Structure formats: structure tokens, C-alpha cells
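From a predicted model like this one, the values you see are computed outputs, not experimental measurements. Side-chain atoms are counted along with the backbone in the values below, which use heavy atoms only and exclude waters and symmetry mates. Sequence lines set the chain letters: A, B, ... in the order given, protein chains first and strands last, and positions in each chain run from 1.
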Amino acid sequence: MPDAKPSNPSTSAPQSSPDASPPRPPNFIEQIVEADNRPGPSGAPRWGVWTRDDAGPVDAPGPAGDAARARLGKPRVHTRFPPEPNGYLHIGHAKSITLNHGLAAKYNGRFNLRFDDTNPAKEEREFVEAIKSDLLWLGADFNPETGANAGGVFWASDYFAQMYEWAEELVRKGRAYVCSLTADEVSKRRGTPQVPATSPDRDRPIEDSIRLLREMRDGKHPDGAYTLRAKIDLASPNFNLRDPVLYRISHAEHHNTGRKWCIYPMYDWAHGFEDSIEGITHSICTLEFENHRPLYDWFIDSVNVGRHGGPALRAGLSTASTPAPGPDAPPSWGPRIHHAQQIEFAKGSLTYLVTSKRLFLRLVREGLVRGWDDPRMPTVAGFRRRGYTAAAIRDFWTEVGVTKTESLIDYSRLENTLRDHLNKQTPRRMGVLRPLKVTIENYPDGGPEGKTEHVELVNNPENPAAGMRTAPFGRTLYIERDDFMEDPPKKFFRLAPGAEVRLRGAYWIRCERVVKDAAGDVTELICTYDPQTAGGESPPPDAEGKVRKVKATLHWVSAAHAVPAEVRLFDRLFNAEEPGKRTGEPADDLNPNSLEIIERAMLEPAVLEDLLDYAARATDLRSLRSKSVPPTDGPTSSDAEPAPFNPATIAGITWPDAIPRYQFERLGYFALDPDTDLAAPTPRLVFNRTATLKDEWAKQAAKG
RNA sequence: UGGGGAUUGGUGUAACGGUAGCACGAGUGACUCUGACUCACUUAGUCUAGGUUCGAAUCCUAGAUCCCCAGCCA
């Protein structure tokens, strides 16, 4: 394979594009990381170095162990992706994953998957499994046994007890209090930018607050009766600091902790501690949390009041290096806890799509799409099913870069990155979407079905090593309806009455006559072929030395050997550049023609042969079965861990996710859909069109 | 109205007081057994107004525009 050239064996990051693009300058976050990694005034990197305690499986064999050993003594870089399991991941999340996992890979750090499950009302098990599966597909391995940069899977709910202790600590330090206001009252008393908020219970005695907090925890009070609030600044122009709620009462069943808790921490209270406990160094989030950073800092600082130890100590880790408080030290709450640095970056929006979980939920529930993984959905699962490659999505976000500038990116940029990848990799095959029958009247008759020749075709012109295949050719063929025009405009150089074209790899044919049905529609073309053009070669020069030329080469399928398949064609889900801009409701801009199903496309037989061959030796049949992804929302009963994706070689190309992909010549890139059933007596093939090829003719035709 | 961010060709991004560059797109042409790919050329930008400086996208002042914040969501 030509792309097997030596490609940067030093990094363990998932390698993407086959050819190396010019090196990008480091983005602003990488610049921060690199500055942190340089020795500071103390001679050590800002976040210290990896030790046997936190470097990962240093004694394990294999790549994960190798990476862990290589990490020892090197500057710590520890990132995380913290989704709430309340929906499927979308293309925007992929940016965060690419960034966070990419940072860990680039600096041989570690990357955690952490479920931010602090709100039992909205979270479901199904989403947990879907998110894990999406991360694995994207190449962000979180399992420390297999992923070189994996830090593990964590749950905010595992930290509830620790967070609760810190909450009591803040009360005792006079920095939090139990408030009896209702949600409505708090809202009314919030004030305005100029007018401070008011809160009647701020000066509740510490012991009262402690008692009430414990009663809240122990289920003595109904939902909404009390909250725990931080005592910060009711007049702050930053509303987040106007005594934010830390805990609310909720007698709800949590998907992880069941009925153990009836108070749940608010995101703001929980998030900084989650990073702290896990020893996250760079806590990367989106711009809207910039206003919250002072709050997170205040929480950690408040816990650290009266504590001792180095500034970069991490909770939950060995405190051996913590200097013991001296005899004259004030009462200590324990060693100081770790304080991650939050860095905010801008989300990237794409034209013609939206990333709103609320809208996704509606589309799925109302049946406007065929599930979370509908190939039209901007979910990671949707892109996967559509046939996008994880490498293309990663490369796209890397090319777009990371900044603090809000951007609206042309969707075509994502599509172009995808085409780049697919062009270099996909095997070529021929398929006809809308068959038009062609009979070659001067082609020899060799029996009931005519004579059959086997023509040789190149599998991928971009990749000579992909080799050749043969395709049967006969007297009766199908060509694409769009490749014939009875009354063509000047610039149309495909087939027309009297015109001559090449059939790829086979012969040149000339259209002699047109057969029509009663309605006047063309049903068949009667053509002749030139035996001197075998293999598609030009015929020898004529008597005057002139060589005949054709301008078009068409794809075709032998009617006697064609394999029928269902093909699903997609147009954009929304037909407005910014859905919802017009009316405020994105659903108003839904494209009613976003899905077109071709029930009986005709494919060259090599496709079925490839797939049967793969099915016979496949260990990972996810892409060949319809049960691979839950088709609708709603909880599933299965608690099974999503299996890692096993690479599979299909038609000579190895796909990390085992999804068979092709370029059907001149039509675009296609991926096998899980609705496919190869085990049926008559195999059922279903393909999704991932993307079209660029089409100069369509552009011209549109111009008129 | 208060606070927090942002602003460089059509799009995305770089330049960190010293030649405004890169990628994608678009246009033109070449090549072509995919109207694909590839190749060549072209196109077009520092939000505005002042100031500092030998020199400003970069520093200062004033303004404009856009995004975020008054959930017991995250």
C-alpha cells in the first residue's frame, strides 16, 4: 500500500491523513501546555511530573505499558472529556474530543472519559453506552489497558460523598448556608446588573445549616424545600457569584447511585472538584463557561483555606510528599487539593446543521428521522452510519483549529476533508442507480444470455497496489439514465443519439436507436460497439492518420450479472444555512427531501463477492447487522460494555471500524448500512451515499 | 443598563512591534479510460476613527458590531 510509508512512529495519536500536511503552528492551548511543561522558577514543570502513582500501567506489556513507562518523570498533561449522559454526541462534541484526546496524545499525557451525571432527571444508561461507543469509534480510547493515552472512565456520581464532605466544610468555614427560598423566590430576588440580590438566610448559624444540610441529605425534606448556597457576593456583576446554589433536593432515582442520594450537586459545584480529584491539569471547556471560572476558583480556594501542602497536590493521591503541619499550625482540614487550570475555546458551528440535543430528541421522537444514528443526523453515530471516517472528522477539526473566535464553518469543508480521505482509500466499483437498458446489437450472441467477456478494471487509480479486478460484460447492459439525453445541450458529452462514448474498461459504443414506451419515455437504447476498442482503448488511426476520440467514459453493469441493492441518497437535513434563523425554530427549515431511497440499484458482482468474503471471515459484524446501534431513543436493557472496534480488511482496504466503503464510480462514496443482511438466502444489500463526487457537469448544467 | 469574551480575503486560520502568510473555496487553463483526482496560474483580507513609533494586524484612546451571563440545567 502506498500510504504505508513511514509515518511518524513516535506518536501514539491516531494517525489520520495518508499524506503529511504542512505542520501547523501550535494553537493557543498547545502554547499554554508547552509553557506549562517548561521548567518554572522552582525548576519543575507547572504541573509536576508523572510518577508510578499516576503514570498508568507501568508494569503492563504492550503499547499502554510502553506509553506509561515513557511518561515517568515527564511533565504531566492530563485532560478529560466530561459529557452529561443525556443525549448522543454530535459533531461539536467531536471537536472537544479531538482536542482533549489529541493533547494527551501529543504530549504523551492521559485522557479521561468522565460522565458528568449530576442530574438524575435527564440522564439515561442508553446514552452512556452510546457515548462510549462514539469515543471508541473516534479513536479516543479511554480504557487504560488498551489506550496508550487512556486515563480511564470516571463518574461524577462516584465523588458525591467527597463533594458532600467539602460542602459541610464550607458551611463550617462560614462560606455556605442552607437557604429556604423556593426556586421562584430566588429568581425574583436575583436583582439586576445594578441592583444586588437578596437572600434572607445568609446569616443562619453554622450549626443550623449543618443540621439542615444533613436532614436534606437524609431525606427529611421534600424536593425544593431547601438548597445549600455558597455565601459569595450578592452584588457581583457576575451573576454566578450571587450566592449560587450548591445542592438541591431531588428524590429521584439515579442511573448509577440508585436511591442512595436525595440531594444532588449542581454542575458548578461539582465540576471543579471532579477535575481536582482526577488530577486534571488543563480543564478545557467552551466559551460560555468563562463567566463560571471565578466560581470554580472560589470553590477550590475555599476548600484549600486552612489546608497545607504543595500547591499542585492532588486529592486522592499519596500525601507522602505533603509537609506535615507544624505544631503551631491552625487546625487543618487535610492536604490542599489540586486546582486545575480551566481554558475556554470557541465551539465550531457548521452551516446547514444544528447541534441541539433538544431538537435531536424531537426529531427522533416524532419520527422525522429514523433514530439517533440516522445518516442525516449530525450525531457522531449518524456520521458513522453515513460512512464518514473518524480520521476525516478528526482531521477536519484539526484543520479548523482551536481559537476563542466563534466561527461558522462551511459544511463543504467537512465534506472536502472527507472526500480527500475517501478518494485515497476507497476501492472503485461500478453501480448504476437508475438503470437504463442498453442492447449492443452487433455484440456476438453466445447463448440465451449472450456472450460474456471479463474485462479488467483498476481498483483505485490513486493506489496502484490496490490491484485489478474483473467485471463481466455482455450484450445487455445498464447505464445511468442521467448519462443519456435524447436532445442534449452542446456541452453534454455523454451518450445521445448518434454519439459515441467509452464504457469504462470495455468498449466504445454508439447510440443507434432509442426505444420508447407508450408514454414516450425512453426504455432502452440500441447501440453498436467497435471491436477495435477492446479494453476501452482508442481505435487505430484511420486512413488519414486521424484518431477518433470520445469525451466521456461511462460506468455500466452487465444486466445478466448485476447485483441489486437498496441505495439511500441524502440531501442536507436542513435547507437553510443557519436553521432556525428565520423563524427561531430550526424544524421550520427541515428539508422535506433529505432522503431518497433507490430500491433497486444495480451493482457489479464484485461488490457482493467482497462482502461475502468478508462475512465469511469477519469477527466484527457490527456493520453487517441491523442491531449494531439502537435504532430509537429510550433505555435499553443491555448494560454490556461497547466492544472496541476491530479493524477489518474488505476488498483490500483495512477500515478501523470494519465498515465496508466504496467509491461507485462517478456517483460518490458509499458505505454499507447495518440494515444489510448477508446471511439471507438472497442477500440484502443496503448502501448509504456518504458523499457525492465533485461534479463539474452538474455545476454547468445548473448554470444553464 | 452591569459583567465576561470576540473581530485578519467567500470560509477557517497564522503572523506575539519589522515583507500580511497558509489551507479550503471560487475563476481560468493543462491533464485524464471517473466532467473525479492531479498540476499550473489567478482571485481576494487586518471592524472604524484618532494616537504612540523609523515602523502597528500587533501597543494606547474612543467608538462600532457580534456572542455569553439573572435554571434548584450542563
Side-chain angles (χ1 to χ4, degrees), chain A residues 21-22 24-25 27 31 82-84 86 116 118-119 121-122 179 181-184 186-195 197 223-224 226-229 235-242 244-250 263-264 266-268 270-271 285-294 344 346-348 351 357 396 399-413 416-417 419-420 423-424 428 430 457-458 461-462 491-494 502-506 508 533 535-538 550-555 663-668 692-701:
Chain A
S21 34
R24 295 187 61 82
N27 64 46
Q31 289 179 31
E84 184 191 14
N86 69 345
D116 218 331
T118 55
N119 186 357
K122 291 189 175 176
C179 176
L181 255 25
T182 65
D184 210 33
V186 170
S187 172
K188 280 194 185 116
R189 289 164 166 261
R190 187 85 51 187
T192 69
Q194 293 83 4
V195 180
D223 287 8
Y226 293 101
T227 57
L228 182 72
R229 296 176 71 182
S236 175
N238 181 348
F239 277 74
N240 294 308
L241 300 179
R242 316 254 264 218
V245 171
L246 271 30
Y247 275 91
R248 76 281 217 185
I249 301 174
S250 173
I263 58 174
Y264 290 93
M266 297 292 292
Y267 168 85
D268 279 336
H271 201 82
C285 64
T286 45
L287 248 27
E288 69 267 31
F289 294 103
E290 219 157 8
N291 289 333
H292 297 236
R293 187 172 2 115
E344 306 86 8
K347 291 175 182 169
T351 56
K357 285 182 184 173
F396 165 73
E399 284 163 15
V400 160
V402 180
T403 65
K404 299 190 74 153
T405 311
E406 307 252 16
S407 57
L408 179 61
I409 305 156
D410 280 345
Y411 184 85
S412 60
R413 292 199 52 164
N416 282 321
T417 306
R419 286 195 184 109
D420 253 20
N423 176 48
K424 285 165 190 144
R428 271 55 169 176
M430 292 195 290
L457 295 161
V458 172
E462 303 292 316
K491 280 184 272 183
F492 184 87
F493 41 81
R494 275 112 94 148
R502 169 171 29 236
L503 294 179
R504 170 133 239 197
W508 294 17
T533 59
E537 300 296 340
S538 296
V550 285
K551 287 193 96 173
T553 299
L554 308 188
H555 59 274
Q663 184 197 107
F664 292 155
E665 290 206 28
R666 306 207 303 137
L667 298 173
T692 61
L693 260 30
K694 276 208 252 172
D695 190 344
E696 190 64 28
W697 163 244
K699 216 188 263 181
Q700 282 206 25

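- Residue contacts shown for A:Glu344 are absent, as no nucleic acid heavy atom lies under 4.0 Å away.
- As rounded to the nearest Å, B:rG35 and B:rA23 have C1' atoms that lie 25 Å from one another.
- Rounded to whole Å, the separation between the C1' atoms of B:rG55 and B:rG63 comes to 26 Å.
- No donor-acceptor pair under 3.5 Å is formed between the side chain of A:Ser407 and the backbone N or O of A:Ile409.
- Looking at heavy-atom distances under 4.0 Å, A:Arg494 makes contact with a base.
- Across B:rU7 and B:rA74, the matching P atoms stand 30 Å from one another, rounded to whole Å.
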Base versus backbone protein contacts along nucleotides 66-74 of chain B [heavy-atom cut-off under 4.0 Å; B, S, -]: -SBSBSBSB
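- B:rA44 and B:rA26 have their C1' atoms separated by 10 Å, with the value rounded to a whole Å.
- The same atom, C1', is picked in B:rG45 and in B:rA30; the two are 30 Å apart, to the nearest Å.
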Reading 5' to 3' through nucleotides 26-31 of chain B, protein heavy-atom contacts under 4.0 Å coded B for base, S for sugar-phosphate only, - for none: SS----
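- Put simply, the side chain of A:Arg428 and the base of B:rU34 share a donor and an acceptor less than 3.5 Å apart.
- Nucleotides B:rU58 and B:rC47 have their C1' atoms positioned 15 Å apart, rounded to a whole Å.
- Consecutive pairing runs in RNA chain B reach the stem threshold at B:2-7 with B:64-69, B:10-13 with B:21-24, B:25-30 with B:38-43, B:47-51 with B:59-63, where a stem means at least three Watson-Crick or G-U wobble pairs with distances under 3.5 Å.
- Shown here are the ring-ring contact (aromatic ring centres under 6.0 Å, His included) partners of A:Tyr267, two or more places apart in sequence or in another chain: A:His271, A:Phe289.
- By the side chain to side chain contact (heavy atoms under 4.5 Å, CB included) test, A:Asp410 pairs with A:Thr351, A:Ser412, A:Arg413, sequence neighbours left out.
- No contact: A:Thr417 has no heavy atom under 4.0 Å from any strand.
- Within 4.0 Å (heavy atoms only), A:Tyr411 reaches no atom of the nucleic acid at all.
- Atom-to-atom distance recorded for A:Arg293:CZ and A:Asn240:CG is 12.0 Å, nearest 0.5 angstrom.
- Residue A:Arg24 has its side chain nearest to B:rU13 when only B:rU13, B:rG35, B:rU34 are considered.
- In this structure, A:Met430 atom CE and B:rA36 atom P are separated by 19 Å, rounded to whole Å.
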Where do N or O atoms of nucleotides 9-11 of chain B meet protein N or O atoms at under 3.5 Å, pair by pair?
residue : atom : partner  : partner atom : Å
B:rU11  : O3'  : A:Leu408 : O            : 3.1
B:rU11  : O2   : A:Arg413 : NH1          : 3.2

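- One can place CG of A:Asn416 at 9 Å from P of B:rC37, the figure rounded to the nearest angstrom.
- If you check every strand for non-hydrogen atoms under 4.0 Å, A:Tyr264 touches nothing.
- The CD atom of A:Gln31 sits 10 Å away from the C1' atom of B:rA14 (whole-angstrom rounding).
- Residue contacts for A:Gly401: at a heavy-atom cut-off of 4.0 Å it reaches no nucleic acid atom on any strand shown.
- Taking atom P on both nucleotides, B:rG50 is separated from B:rC39 by 45 Å, rounded to a whole Å.
- Heavy atoms of other residues, nucleotides or ligands lying less than 6.0 angstrom from NZ of A:Lys551 number 12 at most.
- At a cut-off of 3.5 Å, with distance as the only test, a side-chain donor of A:Glu399 or A:Thr417 sits close to an acceptor on the other residue.
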